[in-house]
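Presented below is the structure to which this report refers.
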2 protein chains.
Amino acid sequence: MERVIERLRKKDVVLTPQRLAVAEFLEGNTAHPTADDVYRKLRRKYPTISRATVYTSLEVLRQAGEIQELTIRKEEVCFDSDPTPHHHFFCRRCKRVLDVHIGCPVARKGWVDGHKIDGVQVYFYGVCSRCLKSGRSGME
Amino acid sequence: MERVIERLRKKDVVLTPQRLAVAEFLEGNTAHPTADDVYRKLRRKYPTISRATVYTSLEVLRQAGEIQELTIRKEEVCFDSDPTPHHHFFCRRCKRVLDVHIGCPVARKGWVDGHKIDGVQVYFYGVCSRCLKSGRSGME
DNA sequence: TCTTTGTCAAGAATTATTTTAAATTAGTGG
DNA sequence: CCACTAATTTAAAATAATTCTTGACAAAGA
Ligand SMILES: [Mn+2]
Ligand SMILES: [Mn+2]
Ligand SMILES: [Zn+2]
Ligand SMILES: [Zn+2]
């Protein structure tokens, strides 16, 4: 809670109630919510908030290095409150985006084929362990 | 050329001039074009082709295992005429999507954290070798 | 206090993609 | 070659995600 405010202040990010609400909603949230998830949750506390404000707040937080964007689904971008590099798994059944904590050499920034790397995303697709337990093969 | 027609026929895909045109445009194309790239190119030969047809043709080819979709950019999906697993690099300067041919253990399908994997995408971001030669640091 | 200047947020607009429904076509058998 | 039927194409409209525009507001200075 305090942590986010402090960090944003040091980065000269103008703090508005809406931006703080977005930051606080994301803090510790491991569900990788979409912009619309954030919007639908925040409009309870801020009934007049607009989607545009949510998008700009998310972009401000991203540029401040507080969050990262994931393009694991083509339909919608989702946001990760953990900006450090790690892999992700998308379950085709329950549609959740899960963290995958495995060390992987390609995830380290550096060079490849003469191209300079400043970011890496690794996306796995399949059926998550929970869905495998509860249901059958993989297609619903 | 012949190869694609043969394969699609065996997979019980109804062959139309539009689908063949999409398949032929993609065959051997290493530029990872978007749906709009395909549409703008094909409308020269087929002036009445519609975007919806391009989208559905691409989906048919994808389901037939002839091509794959990449979500390396959040703005737009792009298509890869090579359906075999390999990595990709997005150049933030020239906006090209380049193939990266490196062996990587995570790219092999299997299991991770108890989740069953049926697909993997690895996306690198940065500045490509050509842009590094021609220009400066990385930002324009 | 009165400008001036710049920033923010919400509604409007734009963009990619999908859906609709009618017209056309591919594949099949006579 | 023709007729039939199911599948496909098309243009237009709908939809959904995201971005742009502009008025409102606030801080800074005269
Ligand atoms: Mn994550
Ligand atoms: Mn490729
Ligand atoms: Zn699941
Ligand atoms: Zn480049």
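In what follows, every chain begins at residue 1, and chains take the letters A, B, ... in the order their sequences are listed.
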- Message: Tell me whether the side-chain N/O atoms of A/Arg19 come closer than 4.0 Å to OP1 or OP2 in C/dC8.
- Response: yes
- In whole angstroms, the gap separating C1' of D/dA17 from CG of A/Asp37 amounts to 13 Å
- Message: Closest approach to the side chain of B/Ala35, judged atom by atom: which nucleotide of C/dT17, C/dC8, D/dT10 is it?
- Response: C/dT17
- Query: Any side-chain heavy atom of B/Leu8 sitting closer than 4.5 Å to one from B/Leu15?
  - Reply: yes
- Could you state the CG-P distance from B/Leu70 to C/dA16, rounded to the nearest angstrom? 17 Å
- Side-chain donor/acceptor of B/Thr56 to backbone N/O of B/Ala52, under 3.5 Å: yes
- Query: Given atom CG of B/Asp36 and atom P of C/dT18, what is their separation to the nearest angstrom?
  - Reply: 13 Å
- Quick one: B/Glu59 CD to D/dT8 P, roughly how many Å, whole number? 13 Å
- Task: Write down the distance between NZ (A/Lys74) and C1' (D/dT15), rounded to a whole number of angstrom.
- Result: 15 Å
- Task: Classify the nucleic acid contact of A/Thr16 as base, sugar-phosphate or nothing, counting any heavy atom under 4.0 Å across all strands shown.
- Result: sugar-phosphate
- Spacing of A/Glu75 atom CD relative to D/dT15 atom C1', expressed in whole Å: 14 Å
- Task: Would you mind listing every salt bridge (charged side-chain N to carboxylate O under 4.0 Å, His left out) that reaches into residues 42-58 of chain A, with sequence neighbours excluded?
- Result: A/Asp36-A/Arg51
- Give one of base, sugar-phosphate or nothing for B/Arg9, where a contact means two heavy atoms less than 4.0 Å apart. nothing
- Query: Which whole-number value in Å describes the distance from B/Tyr55 OH to C/dT15 P?
  - Reply: 13 Å
- Note on the structure: The residue, B/Glu76 or A/Ser57, whose nearest nucleotide of DNA chain C is more 5′ is A/Ser57
- Query: Within this structure, what is the CD-to-C1' distance between B/Gln18 and D/dT8, rounded to whole angstrom?
  - Reply: 8 Å
- For A/Thr34, what residues pass the side-chain hydrogen bond (donor to acceptor under 3.5 Å, both in side chains) criterion, not counting sequence neighbours? A/Asp37, A/Glu76
- Query: Who are the side-chain hydrogen bond (donor to acceptor under 3.5 Å, both in side chains) partners of A/Lys11, not counting sequence neighbours?
  - Reply: A/Glu66
For residues 77-85 of chain A, run the donor-acceptor check on the side chains, cut-off 3.5 Å, and write out each pair with its distance to 0.1 Å, sequence neighbours left out.
from	atom 1	to	atom 2	distance (Å)
A/Asp80	OD1	A/Asp82	N	2.8
A/Asp80	OD2	A/His32	NE2	3.1
A/Asp80	OD2	A/His86	NE2	2.9
A/Asp80	OD2	A/His88	NE2	2.8
A/Ser81	OG	A/Leu26	O	3.2
A/Ser81	OG	A/Asn29	O	2.9
A/Asp82	OD1	A/Thr84	N	3.0
A/Asp82	OD1	A/Thr84	OG1	2.6
A/Asp82	OD2	A/Thr84	OG1	3.3

- Task: Keeping to residues at least two apart or across chains, list the salt bridge (charged side-chain N to carboxylate O under 4.0 Å, His left out) pairs with something in residues 52-63 of chain A.
- Result: A/Glu59-A/Arg62
- Query: Which residues in residues 43-53 of chain B have at least one heavy atom lying under 4.0 Å from any atom of DNA chain D?
  - Reply: B/Thr48, B/Ile49, B/Ser50, B/Ala52, B/Thr53
- Item | Comparing B/Val13 and A/Thr56 on DNA chain C - which has the more 5′ nearest nucleotide | A/Thr56
